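Below is one structure, written out as structure tokens; the observations come after it.
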Amino acid sequence: MNKIMFQNYGTQSNWVNGKYHPSYSKKTISIISPYFGKEIATIPESNFADLDFAVKNAQAAFPAWSGLNIRDRAEVMFNLKSIIENNLDEMAELIALDNGKTVADAKGSILRGKEVVEFATSLPSMLRGDSSPVGSGITCTMTQEPLGVVAGITPFNFPAMVPLWMIPLAITTGNCFILKPSEQTPLSTFKLAEYLKEAGLPDGVFNIVNGAREVVEGICDHPDIKAVAFVGSSTVAKIVYARSAANGKRAICLGGAKNHMIVVPDADQDSTAKGLLASSMGSAGQRCMAASVAVGVANIDPIIDQLVEEARNYKLGVDMGTIVSKAALDRITNYIDEAEKMGAKILIDGRNATPPEGYENGYWLGATILDHVEPDWPSATDEIFGPVLSIIRKDNLEDAMQVENGNQYGNAAAVFTTSGQVAKTISESASAGMIGINIGVPVPREPYSFGGWNESKYGHGDITGKSGVDFWTNLKKVTARWPESTEAWKKYF
Ligand code: NAD
């Protein structure tokens, strides 16, 4: 495994107007590394005064930034792309330390975020506006204009990637941005701030206000914040959406998920077993695209046998990092205990997994597979957010689809099959925003946008791609008619 070095980063501040700025609040939050179970930093638990200070600085930066040509704003993204590439190791090690990912996994997540930076470099050609004659002597021109000061609130599980879904599109379109990162995994976002400055971003365009609920509520309420993007659990997504909308703000709030993979007996055994494993156990199951339920249609035992074999070889610290916190570890373990009591057959049990040497105090849980789970058990209905796969057995495709569409979420759904007809049926009938055919983690690649349906998202559109660009902009339509002839200019002809 990549060695994770313990380091204490001490007292951290907020980032406002291009520099670190101490908080007005005296309260702090302790950042614990899930590899060591020990404090690695403290961040301020900021208050409304901190948020207001950041908003005022962002407002001051807005006229000059939004007044720049979009090609100049996109230039910052070209620079940022190279800076991220050159500092991949540094950022990945920070993410591993505060989030618990493996370094390889952390690198993969940063590279996915970088795709949005790359997409943002194309905005000068995308945002050329539209113009055409609409009547005799009348022309209509439509442009996309920035909103002003906008904000993003992000979860613990992708500390750099999720902010990178928002920041490149929001600022390249001309907005100034306030980020409230997860209070569990904030360290890599300080690097993002430093990289943006190095890339040439003017001070005040990007700001970080650390903290928890008070800052989030302040973002929803602040009269000078025009739009809010949120990514996190559905419970909070719904609250943030409602509170932002009640204050007249535009909001897109991505929530939790319970993704299903439907497996039919004709599926290719090897790639399906590997696909099920990667989807359910990758990132230790702590991703909104993890599929934590496999619905087997008829007899899929050979695939399950191989899956269990592969899962036994999954090594903690190499294939899978830690769980983010002790509280999360206890919550996930409770789901396994409960499913066991209800009669699930435990094919592989991660509760007794041996931690890697040197990391015995970390929050570890090995790959866990529960078979013969019933669709209404908590392990089948709730977002467990850990390396736990529940297998539900059904006799036919229709019953399997009912299980998939019976859950309240709608981020992703996948089917493993070699039949085009089965794939077509599932992709047409699944009530989810992102569908995988023989792909367990069907994250669309830019410029295709990311976003789910149902309780996995509140608000219109998606968070990346063209939809994301639309979210961060207002449409302006100019309808112009110039008089046919006047005495004043006739003399020039
Ligand atoms: P979370 O909802 O606990 O926290 C997300 C953000 O909300 C954090 O910044 C946190 O400070 C803030 N917050 C938490 N409780 C709050 C409250 N009561 N009031 C106001 N703000 C509050 O989520 P998490 O545990 O950090 O992240 C995991 C969740 O995020 C999972 O549900 C996962 O599915 C979801 N997620 C979704 C997507 C997606 O694209 N749909 C992507 C990544 C993560």
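Just follow the structure's listing: the first ligand is 1, and inside any ligand the first atom is 1. The structure presented is a predicted model; accordingly, all values stated were derived computationally and were not measured.
Note: Trp65 and Phe177 fail the aromatic proximity criterion, with ring centroids not under 6.0 Å apart. Taking the ring centroids of Phe471 and His460, they lie at or beyond the 6.0 Å cut-off. Within the 6.0 Å centre-distance limit, the rings of Trp165 and Phe450 are counted as a close aromatic pair. Annotation: Tyr359 is in aromatic contact with Phe36 [ring centroid separation under 6.0 Å].
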Please walk me through it: do Cys176 and Val150 pass side chain to side chain contact (heavy atoms under 4.5 Å, CB included)? CA-CA 6 Å; Cys176 293; Val150 298; over 6 Å; no

Determine, stepwise, if the pair Asp50 / His21 fulfils side chain to side chain contact (heavy atoms under 4.5 Å, CB included). CA-CA 9 Å; Asp50 291 305; His21 199 280; 5.8 Å; no

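Using a 3.5 Å distance cut-off with no hydrogens or angles, the side chains of Asn17 and Asp203 do not pair a donor with an acceptor. There is no side-chain donor-acceptor pair under 3.5 Å between Thr464 and Asp462. For the residue pair Ser429/Asn405, the side-chain donor-acceptor check at 3.5 Å is not satisfied. Looking only at atom types and distance, the side chain of Ser25 has no donor-acceptor partner in the side chain of Glu45 under 3.5 Å away. At a cut-off of 3.5 Å, with distance as the only test, no side-chain donor of Asn210 or Ser46 sits close to an acceptor on the other residue.
When the heavy atoms of Arg213, Lys258, Gln184 are ranked by distance to atom 19 (N) of ligand 1, first place goes to Arg213. Distances from atom 35 (C) of ligand 1 to the heavy atoms of Gly232, Gly433, Gly152 put Gly232 nearest. Looking at Ser182, Ser456, Gly255 and measuring to atom 41 (N) of ligand 1, the nearest heavy atom belongs to Gly255. Taking each of Gln286, Glu183, Met434, Met289 in turn, the one with a heavy atom nearest to atom 11 (O) of ligand 1 proves to be Glu183.
For ligand 1, none of its N or O atoms has an N or O atom of Ile153 under 3.5 Å away. Residue-to-ligand polar distances keep Phe230 apart from ligand 1: every N/O pair is separated by 3.5 Å or more. Distances between N or O atoms of Asn157 and those of ligand 1 include no value under 3.5 Å. Residue Glu217 has no nitrogen or oxygen atom sitting less than 3.5 Å from a nitrogen or oxygen atom of ligand 1, judged on distance alone. At a 3.5 angstrom cut-off on N or O pairs, Cys288 does not count as close to ligand 1. Geometrically, ligand 1 and Lys180 share a nitrogen or oxygen pair separated by less than 3.5 Å. Not one N or O of Ser234 is nearer than 3.5 Å to an N or O of ligand 1, by distance alone.
Within a 6.0 Å sphere centred on OH of Tyr448, other residues, nucleotides and ligands contribute 12 heavy atoms or fewer. Surrounding NZ of Lys197 are more than 12 heavy atoms belonging to other residues, nucleotides or ligands, all under 6.0 Å away.
For atom 22 (C) of ligand 1, the nearest protein heavy atom (residue, atom name, distance) is Val236 CG1, 3.5 Å. For atom 26 (O) of ligand 1, the closest non-hydrogen atom on the protein side is Phe156 N, 3.0 Å. Protein heavy atom at the shortest distance from atom 2 (O) of ligand 1 is Ser233 OG, 2.6 Å. Counting only heavy atoms of the protein, atom 28 (C) of ligand 1 lies nearest to Phe385 CE2, 3.6 Å. At the shortest separation from atom 40 (O) of ligand 1 among protein heavy atoms lies Phe450 CE2, 3.1 Å. In this structure, the protein non-hydrogen atom closest to atom 8 (C) of ligand 1 is Thr154 O, 3.4 Å. The protein heavy-atom contact nearest to atom 32 (O) of ligand 1 is Glu383 OE1, 2.6 Å. In terms of protein heavy-atom proximity, atom 27 (O) of ligand 1 is closest to Pro155 CB, 3.2 Å.
Contact annotation for Lys457 and ligand 1: no heavy atom of the residue comes within less than 4.0 Å of the ligand. Residue-level proximity to ligand 1 for Trp165 is carried by the side chain, the only part with a heavy atom below 4.0 angstrom.
Between Lys466 and Asp470 there is a salt bridge, with a side-chain nitrogen of the basic residue lying less than 4.0 Å from a carboxylate oxygen of the acidic one.
Interface atoms of ligand 1 facing Asn411, defined by a heavy-atom separation under 4.0 Å, are 41 (N). Numbered from 1 in the order shown, with element, the atoms of ligand 1 that lie under 4.0 Å from a heavy atom of Val216 read 20 (C), 21 (N).
In this structure, atom 4 (O) of ligand 1 has no protein heavy-atom contact shorter than 4.0 Å.
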